[in-house]
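Let me begin by presenting the structure, written as structure tokens, before commenting on it.
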2 protein chains.
Amino acid sequence: MKLSKKSDYALRAMIYLSLNYQKGALQIKEISAKERIPQKFLENILLTLRKAGILNSKMGLKGGYELARSPDLIILGDVIRALDGAIAPVNCVSQISYKPCAEEVNCVIRDVMMDIRNAITDVLDTMTFADMCKRAKESLEKKESNILTYSI
Amino acid sequence: MKLSKKSDYALRAMIYLSLNYQKGALQIKEISAKERIPQKFLENILLTLRKAGILNSKMGLKGGYELARSPDLIILGDVIRALDGAIAPVNCVSQISYKPCAEEVNCVIRDVMMDIRNAITDVLDTMTFADMCKRAKESLEKKESNILTYSI
DNA sequence: TAGAATCTCTACTAATTCTATATACTTTGT
DNA sequence: ACAAAGTATATAGAATTAGTAGAGATTCTA
């Protein structure tokens, strides 16, 4: 039930891009440095996100990546599906890579896995990157006020 | 976010053992044949479940495995944790294999992953094998009544 | 218009994890 | 005694994941 490194990096990069949405295209180099993601690996990840229609890119000098639409219109589920494929714990309950299971008709495990899939997508498909930005800023403020408190 | 084959087999074996709880110890051979699980693989799985205190075993001739306690006292989460370890999508939100993440203090991904972990464990840690048996029987009845309907 | 900076594409390698099997050992019933 | 069961550990093979390499295409700017 693990989140892949790829998706983890992708989420971080997406949050970074969302926080800087107004600044236009950012370069891979910058994102990779700030988020400490191996650059070559990140290149592949961002390319995948572009092909999925989540990012736009500009080639050449002064090129870079930016969100294809505003952060409140991109959900976490889109990103994870683009990179890792199905979110469902088993294919027999997957929307995007459905394959019937051996037991087919009366498989009780299927029911439970369906519940789990729905619980996960409830989170990932309602949470937008705008929400993530909001949380990030709140958490940063909280941190700063703590520092202030401690330094008194 | 995938359920491993190991856990899948384990759940099936556990359901089989739960459905036959009153019959005493069952042999690996029987479970493996009925659930179509490679026997040697199943041996390892059941051994792990025994070490986790979920199953009891009897060695020697007429030996076998049985539930260590009644099916309504065993939750799915126990079984999956015994075989696959942490259920959490990332270690920084795991109960059993917690490791702080790099970003530590204000990591927003952590919050989301915590939500997901909780959503998953809500399902896995409330569902018992008694529940699974009930569902299995219901689904079987439904199937039989369908067969009846179709044969009319 | 040359050239540097940037994204694109494909292939490849290395590391890890998952799935399954092998083999020798221990215990128990008859 | 011996056959039938579980125990224990190691290992092999396959699949997936993580990361790297390198040549190519595009664009800005001097």
Side-chain angles (χ1 to χ4, degrees), chain A residues 1-13 17 24-33 35-68 80 82-86 89-91 97 99 102, chain B residues 1-13 17 23-33 35-68 80 82-86 89-91 97 102:
Chain A
M1 305 267 177
K2 262 215 164 357
L3 185 73
S4 73
K5 215 79 179 154
K6 230 173 175 169
S7 282
D8 182 21
Y9 289 159
L11 292 178
R12 292 179 195 286
L17 284 164
L26 302 184
Q27 296 178 358
I28 294 176
K29 204 170 37 170
E30 174 183 345
I31 304 170
S32 128
E35 294 293 327
R36 296 209 206 79
I37 302 169
Q39 178 165 342
K40 271 295 186 182
F41 201 19
L42 185 58
E43 282 180 16
N44 289 328
I45 291 168
L46 297 185
L47 199 54
T48 303
L49 290 175
R50 200 216 52 172
K51 286 180 181 165
I54 295 167
L55 295 179
N56 285 333
S57 67
K58 243 178 75 184
M59 276 181 96
L61 195 57
K62 309 262 175 178
Y65 280 98
E66 62 189 345
L67 301 187
I80 293 180
L83 288 155
D84 285 355
V90 291
N91 285 336
S97 60
K99 248 180 60 181
Chain B
M1 307 266 176
K2 262 216 167 354
L3 185 73
S4 74
K5 214 78 179 155
K6 231 172 174 171
S7 282
D8 182 23
Y9 288 158
L11 292 179
R12 291 180 196 285
L17 284 165
K23 290 193 195 163
L26 302 183
Q27 297 180 356
I28 294 175
K29 204 168 40 171
E30 174 184 345
I31 304 170
S32 130
E35 294 293 327
R36 296 209 207 81
I37 302 169
Q39 178 164 342
K40 272 296 183 182
F41 201 18
L42 185 57
E43 281 181 16
N44 289 328
I45 292 168
L46 297 185
L47 199 53
T48 303
L49 290 174
R50 200 216 53 172
K51 286 179 181 167
I54 295 167
L55 295 179
N56 285 333
S57 67
K58 244 177 75 183
M59 277 180 95
L61 195 58
K62 307 262 174 179
Y65 280 98
E66 62 189 343
L67 302 187
I80 293 180
L83 288 155
D84 284 354
V90 291
N91 286 337
S97 60

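Side-chain atoms are counted along with the backbone in the values below, which use heavy atoms only and exclude waters and symmetry mates. Letters A, B, ... mirror the listed sequences (proteins, then strands); counts begin at 1.
Inter-residue side-chain proximity for A:Leu47 and A:Tyr65 is flagged as met; some heavy-atom pair is nearer than 4.5 Å. A 4.5 Å side-chain heavy-atom check between A:Leu3 and B:Met1 finds at least one atom pair inside the cut-off. Two residues are said to be in side-chain contact when any heavy atoms from C-beta on lie closer than 4.5 Å; A:Asn91 and B:Lys2 meet this criterion. Counting heavy atoms from C-beta on, the side chains of B:Asp8 and A:Val90 never come closer than 4.5 Å.
Across all strands, A:Leu46 comes closer than 4.0 Å to no nucleic acid atom at all (heavy-atom distances).
Taking atom CD on B:Glu30 and atom P on D:dG6, their separation rounds to 11 Å, with Å as the unit. Distance A:Lys58 NZ to C:dA5 P: 17 Å, rounded to the nearest Å. Rounded to whole Å, atom C1' of C:dA24 lies 10 Å from atom NZ of B:Lys40. In this structure, A:Leu42 places its CG atom 12 Å from P of D:dT20, rounding to the nearest Å. Distance A:Met59 CE to D:dC28 C1': 13 Å, rounded to the nearest Å. To the nearest angstrom, C1' of D:dG19 lies 15 Å from CG of A:Asp8. Atom NZ in A:Lys29 sits about 17 Å away from atom C1' in C:dT8, given to the nearest Å. Atoms CG (B:Asn56) and P (D:dT7) sit 10 Å apart, rounded to a whole Å.
Taking a 6.0 Å sphere around NZ of B:Lys5, one finds it holds 12 or fewer heavy atoms contributed by other residues, nucleotides or ligands.
Considering only side-chain N and O atoms, B:Ser57 lies under 4.0 angstrom from the phosphate OP1 or OP2 of D:dT7. Between A:Arg50 and the phosphate of C:dT8, there is a side-chain N or O to OP1/OP2 separation shorter than 4.0 Å.
Residues meeting the side-chain contact (heavy atoms from CB on, under 4.5 Å) test with A:Lys6, sequence neighbours left out: A:Ser4, A:Phe41, A:Ile45, A:Leu83, A:Asp84.
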Nucleotide N/O to protein N/O under 3.5 Å, stretch nucleotides 15-18 of chain D:
| unit_1 | atom_1 | unit_2 | atom_2 | d |
| --- | --- | --- | --- | --- |
| D:dA18 | OP1 | A:Lys5 | N | 3.0 |
| D:dA18 | OP2 | A:Lys5 | N | 3.4 |

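Mapping A:Lys62 and A:Pro38 onto DNA chain D by nearest heavy atom places A:Pro38 at the nucleotide closer to the 5' end.
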Classify every nucleotide of nucleotides 10-17 of chain C by which part a protein heavy atom approaches to under 4.0 Å, writing B for the base, S for the sugar-phosphate alone and - for neither, in 5'-to-3' order.
B-------
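In the set C:dT8, D:dT7, C:dT6, C:dT6 carries the atom at the smallest distance from any side-chain atom of A:Gln27. The nucleotide whose nearest atom lies closest to any side-chain atom of B:Tyr65 is, among D:dC28, C:dT8, D:dG6, D:dG6.
Although no hydrogens or angles enter the test, the distance criterion places no donor-acceptor pair under 3.5 Å between the side chain of B:Ser57 and the main chain of B:Gly64.
Between A:Leu49 and A:Ala10, the shortest heavy-atom distance links the atoms CD1-CB, 4.3 Å.
Atom CD in A:Glu35 sits 10.0 Å away from atom CD in A:Glu30 (nearest 0.5 Å).
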